[in-house]
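Numbers here simply count residues along the sequence, with the first being 1. In this text, all values refer to a predicted model and were calculated from it rather than measured experimentally. We count ligands from 1, going down the list as the structure has it; atoms in each ligand are counted the same way.
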Amino acid sequence: MGCDNTQCTMKKQFYLFCFCVLLLCLFNVWQKTSPSPIPDISQRNNGSGNVTILLWHWPFGRPLSLRGDVCWDRYRIPHCKLVDQRSLFPLADIVVFHNTELAHGSQELPLELPRPKGQRWAWMSLEAPANNGNLKKYANIFNMTISYRRDADVSVPYGELLLEKTEGYVVEDNSVNKSSLVCWVVSNYGTQQKRSQVYQELSATVPVKVYGNWKNAHLPSRDLLPVISRCYFYLAFENSVAKDYITEKLWRNSYQGGALPVVLGPETSDYEAVAPPHSFIHVDEFASVKELGAFLQQLAKDKKHYNEYFAWKRQWKVKLYKDWRERLCKICLQYKSLPQQKVYSDLEAWAYLKST
Ligand SMILES: *[C@@H]1O[C@H](CO)[C@@H](O)[C@H](O)[C@H]1NC(C)=O
Ligand SMILES: *[C@@H]1O[C@H](CO)[C@@H](O)[C@H](O)[C@H]1NC(C)=O
Ligand SMILES: *[C@@H]1O[C@H](CO)[C@@H](O)[C@H](O)[C@H]1NC(C)=O
Ligand SMILES: *[C@@H]1O[C@H](CO)[C@@H](O)[C@H](O)[C@H]1NC(C)=O
């Protein structure tokens, strides 16, 4: 059976139309399945280029200015670009996620975005493990850690010592102006905390002056250091006992306040690794809290030995870290020595590592 001319033309036109529609569909499917090219940034920065660090969300929702070349202008760290615009994700060498907001659910990881090859995701927290929430869900996601831990990929302690030989340093008598033997500042008192038990035993042996909200003796921050300076000893008791968890209670309150710290926290070797030699008294050094109390009483009467605990000030200066920008800029100093390939397959286990 043939077809007449008009029928044939219509048929041909119909088939042509179908063919075109098919082509369009195929093209559409191809476009959707073939991924948009993922940038490869892995080779970009081992030369002289800038490292781009994207902070996905600001810690505690408090943004700071990133205008200008922040890392250079403020900290003299070169080739370090700190940004917080999420649109720069495809260009970022490192994307930093602060854990608190993830743990509270106010922020989420952009797991749906294709990760550029070579981009590292960094988990950042300055909290002790007990306050980090459940980290089990972060298996095989992060490439690096930013924490106070000495073994973090980028270690950002609460404070550190800088060697500073000061010629003609005048040795002070640190035992003057003291009106209290032992002082403690505490806001959140938990009866189950190790520090509370030690406090109870200690205060049964020697007078302990307590400030802070627990005793309804709120201390405005401007009064903190002056008050501590009038104490022989300051209880730098951490609220959580964890590897390397040594906070501003040591670096600022004790060392800058000018009272000799009695520390409770990680084991002595963790303190020795970072603190000045002969600059603190660790509660673990004593067989009992009673003995600790007796020792403190003796030491306060012995000006010479008491002052020996401050001899470190001749050589060392305490540096505090308080600004998130400084911590983030520090990443760039270590960028080149980060391992080429690393994945935290069990972040929870890493976070709960014990002191060794
Ligand atoms: C980075 O290093 C690799 C090998 O060391 C080299 O092949 C590559 O050219 C370098 N890239 C840049 C941007 O310097
Ligand atoms: C690095 O950043 C600085 C300051 O923003 C800029 O002047 C310079 O051109 C950048 N260098 C490269 C290689 O991108
Ligand atoms: C003791 O107090 C006096 C007067 O307030 C002050 O000048 C001095 O620096 C203080 N000494 C120490 C070691 O804190
Ligand atoms: C970062 O982690 C991801 C997810 O596990 C992994 O695919 C990627 O290879 C890692 N990148 C680097 C630079 O280690």
Side-chain angles (χ1 to χ4, degrees), residues 32-59 66 71 77-127 129 132-157 243-244 324-353:
K32 278 198 178 129
T33 50
S34 78
S36 52
I38 295 174
D40 180 355
I41 57 175
S42 56
Q43 296 300 307
R44 207 177 65 192
N45 289 304
N46 54 351
S48 57
N50 294 329
V51 176
T52 300
I53 296 171
L54 168 60
L55 180 62
W56 193 249
H57 53 263
W58 281 93
L66 295 181
C71 295
I77 295 174
H79 304 299
C80 193
K81 207 168 157 196
L82 196 55
V83 297
D84 61 2
Q85 298 99 315
R86 292 185 175 181
S87 59
L88 296 175
F89 177 87
L91 298 172
D93 300 292
I94 296 178
V95 186
V96 179
F97 300 93
H98 183 248
N99 182 69
T100 305
E101 292 73 31
L102 299 177
H104 293 169
S106 62
Q107 297 287 343
E108 279 174 23
L109 294 174
L111 294 170
E112 71 290 355
L113 293 180
R115 266 204 232 190
K117 195 163 171 283
Q119 181 179 83
R120 291 179 175 89
W121 282 20
W123 178 85
M124 178 166 73
S125 172
L126 290 184
E127 303 297 327
N132 276 331
N134 182 1
L135 301 177
K136 290 222 166 68
K137 55 181 179 285
Y138 300 137
N140 293 309
I141 288 180
F142 292 101
N143 306 103
M144 55 188 280
T145 49
I146 303 171
S147 136
Y148 57 81
R149 283 258 299 272
R150 277 177 291 146
D151 60 348
D153 294 289
V154 176
S155 182
V156 287
K243 179 178 163 65
D244 290 336
W324 287 101
R325 291 171 294 195
E326 182 165 23
R327 298 183 180 117
L328 292 161
C329 292
K330 272 186 76 181
I331 299 171
C332 289
L333 298 176
Q334 292 182 44
Y335 186 79
K336 282 183 185 159
S337 44
L338 290 173
Q340 279 297 313
Q341 187 72 29
K342 183 168 183 177
V343 179
Y344 280 80
S345 59
D346 189 348
L347 188 66
E348 172 99 353
W350 182 83
Y352 275 96
L353 267 188

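Partners of D151 according to the salt bridge (charged side-chain N to carboxylate O under 4.0 Å, His left out) rule, which considers only residues two or more places apart in sequence or in another chain, are R149.
Between W350 and Y344, the ring-plane angle classifies as perpendicular under the 30° and 60° cut-offs. Under the 30°/60° scheme for interplanar angles, the aromatic rings of H98 and H57 are found to stand perpendicular. Using bins of under 30°, 30° to 60° and over 60° for the plane-to-plane angle, the ring pair F142/F97 lands in the perpendicular bin.
Considering CD of Q107 and CG of L102, their distance stands at 7.5 Å, rounded to 0.5 Å.
Disulfide check for C80/C329 fails, with the SG atoms at least 2.5 Å apart.
Residues lining ligand 4 at a heavy-atom distance below 4.0 Å are given as R115, R120, N140, N143, Q340, Q341, K342, V343, ordered by chain and residue number.
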